[in-house]
Q: 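Can you keep this structure in mind? I'll have questions shortly.
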Amino acid sequence: VRIALCETGTITPERDAGSRAVADLLGELTGLGHEVQLFVEAEQDLPARVAAFAPQVIVISRPGLFARLHPLLHPLGARMVYLAHDLHFVRMRLQAELQGSTHNSSGVLRLIEEQCFRKADLSLVATAEEVSIVEAEFPGAAVRAVNYFVLPEHPLPTGLPASFQAAFVGGPLHEPNFDGIRWFLSQVWPGVAGGQLVIHGAWEHEAPRFADVTGVRFTGALSDAELDESLAAASVGIAPLRFGAGMKRKTLHYLSLGLPVVGTEFAVEGLADGAGHTPGVTVATTPKEWLAAFTLLSDPDFWASQSLAGWSFVRERFSASRYREVLSSALDELQ
Amino acid sequence: VEPDTLLTINRPTVIFDVQDGETVVIDLASGHYYRLDAASTALWQRFDGSTTVAAVLESCDNRPELEPRVTAIVGDLVEKALLAPARVDATATEAGPWHFGGFTLELFTDLEDILGLDPIHEVDPARGWPHVAEA
């Protein structure tokens with residue numbers, strides 16, 4: 001199948017999870033034998049370039065881009081797929097509730113996202129929870145959950161590192177990350193005695209705000225290899241997200257390295273096993289629960305069992321072969 | 001804007017929704033959105049079809065004192081690309097009389113990152129990741 005994949009700008013997988021998801025989709029569609037070409041809106045004449053490619057399927061990433069491009073590309077007669085990444089209106093609604101805001105941005109996004117879900121021949125979201133929300137909010141929309149991320153395979157770590165080190169991965173431009181770290185550093189971290197927190201991502205501009213917090217180190221943005229090397233020294237991955245919608249790559253990334261995770265319910269959305277739990281993750285909400293989880297993970301046996309459980313879960317559920325299986329099924333349905 | 005130029009809402013780049021008399025207008029190209037109160041919505045809805053400034057003024061029951069103001073407002077909406085010339089084959093839409101009660105276009109820019117052209121790529125094109133482009 002000839003597939004045009006449309007994105008706003010050059011994809012930078014090391015910068016944001018959405019870009020990573022597009023790169024994964026591009027790679028796996030190609031791996032399935034499809035003829036795939038990436039089209040970038042920031043370059044000129046995207047509709048004309050897509051038309052010249054004569055695609056049978058057009059995948060458009062992100063709501064603003066889909067809303068802009070659908071009217072221009074729909075006349076080509078190709079099947080239109082919306083890659084949602086996230087239910088932005090849900091995330092913004094949760095953020096407004098948490099922060100006591102009455103801002104109307106959630107309503108604006110809902111309006112746009114409704115158009116995307118209704119006009120697409122098929123919409124791809126990351127989790128079954130998001131499928132349920134879309135089906136309830138926009139009845140009749142054709143929506144499927146795909147794996148969204150492919151996690152590379154890593155060796156299982158040998159054991160609990162000697163000193164406590166928590167690790168966080170994520171940039172501050174994504175509001176749940178910034179809010180989560182600010183909350184964690186003020187509410188949880190003061191209760192951790194003698195450990196180190198390593199924050200990975202482009203926090204250069206925000207790091208000075210936390211200069212008076214002890215035991216925190218900002219690495220800046222790292223390459224994949226550098227990031228994995230840094231995470232290998234950690235004893236726990238944290239995801240203190242207080243709002244959000246969709247699957248969190250950081251959770252999967254920690255688990256793929258055999259790093260046990262402590263995170264909020266938002267950190268594990270869409271990542272439950274058959275029993276409703278996310279292997280390798282301890283869910284914590286209050287500061288007390290966070291500290292209790294860290295105490296539990298200081299036991300080498302418990303740490304090892306969590307490490308193995310999470311590592312095995314990701315290898316089974318988020319491998320390239322599993323991704324291709326789910327994606328093929330979705331594309332079959334489209335045709 | 002010429003008085004007899006046929007204008008319409010600049011679809012598909014611009015979408016809007018009317019709820020309880022108020023309107024949210026979204027410019028998908030810039031990521032900006034606007035709130036119009038009920039009075040402002042009355043003028044906006046004149047262009048939900050195709051019409052001219054002359055026709056809008058003609059059907060306005062308090063036209064005489066407002067002509068320059070309405071013309072300026074419509075000019076501003078065209079400049080912001082919220083209104084645009086209609087297709088050459090478009091015909092004017094019939095509409096009844098209306099009353100001009102004021103016009104306020106309240107701008108919001110907080111969704112630029114999500115809706116704008118290039119939400120994630122402030123990377124310096126020469127030096128590449130992770131260097132941020134200078135403003």
Side-chain angles (χ1 to χ4, degrees), chain A residues 7-20 22 40-43 46 61-74 85-86 88-89 91-92 101 103-116 119 171 173-175 201-202 204-205 219-223 226, chain B residues 8-38 40-41 44 81-82 84 87 104-135:
Chain A
E7 175 60 299
T8 50
T10 308
I11 56 173
T12 51
E14 290 174 6
R15 184 163 182 79
D16 72 303
S19 208
R20 171 78 67 174
V22 172
V40 174
E41 188 190 32
E43 295 167 7
L46 183 142
S61 166
R62 309 178 195 274
L65 187 60
F66 188 93
R68 281 194 292 278
L69 289 184
H70 182 272
L72 302 172
L73 299 181
H74 186 251
H85 292 285
D86 190 355
H88 296 81
F89 73 97
R91 175 161 57 83
M92 297 295 266
S101 160
H103 209 277
N104 52 4
S105 51
S106 171
V108 172
L109 284 168
R110 188 185 184 284
L111 182 65
I112 295 165
E113 290 178 90
E114 177 175 13
Q115 291 213 355
C116 299
K119 288 181 177 174
L173 293 180
H174 188 55
E175 185 69 22
E204 289 84 354
H205 295 113
T219 66
L222 302 176
S223 69
E226 291 167 336
Chain B
T8 188
I9 291 165
N10 188 16
R11 295 183 175 95
T13 305
V14 173
I15 61 175
F16 70 99
D17 185 45
V18 182
Q19 294 277 347
D20 301 325
E22 294 194 347
T23 303
V24 173
V25 178
I26 305 162
D27 179 359
L28 293 166
S30 66
H32 295 170
Y33 65 100
Y34 304 85
R35 191 180 74 85
L36 302 178
D37 59 18
S40 308
T41 295
W44 175 258
L82 300 178
R87 289 161 40 134
T104 308
L105 195 62
E106 191 179 358
L107 167 68
F108 297 89
T109 60
D110 60 311
L111 295 181
E112 268 181 342
D113 285 352
I114 294 176
L115 299 178
L117 273 172
D118 194 2
I120 55 174
H121 301 99
E122 57 274 44
V123 176
D124 186 304
R127 294 184 296 160
W129 170 252
H131 304 289
V132 177
E134 294 190 11

Q: Would you give the length of the straight line joining atom CG of Leu111(A) to atom OH of Tyr33(B), rounded to the nearest 0.5 angstrom?
A: 11.5 Å
Q: Quick check for you: to the nearest 0.5 Å, what is the distance between Ile112(A) atom CD1 and Asp17(B) atom CG?
A: 10.5 Å
Q: List the residues meeting ring pair (Phe, Tyr, Trp, His ring centres under 6.0 Å) with His88(A), not counting sequence neighbours, and say none if there are none.
A: none
Q: Who pairs with Glu22(B) by side-chain contact (heavy atoms from CB on, under 4.5 Å), at least two apart in sequence or on another chain?
A: Arg35(B)
Q: Measuring from atom CE of Met92(A) to atom CG of Asp110(B), what distance do you get when rounded to the nearest 0.5 angstrom?
A: 5.5 Å
Q: Can you measure from CG (Leu28(B)) to CD (Gln115(A)) and round to the nearest 0.5 angstrom?
A: 7.5 Å
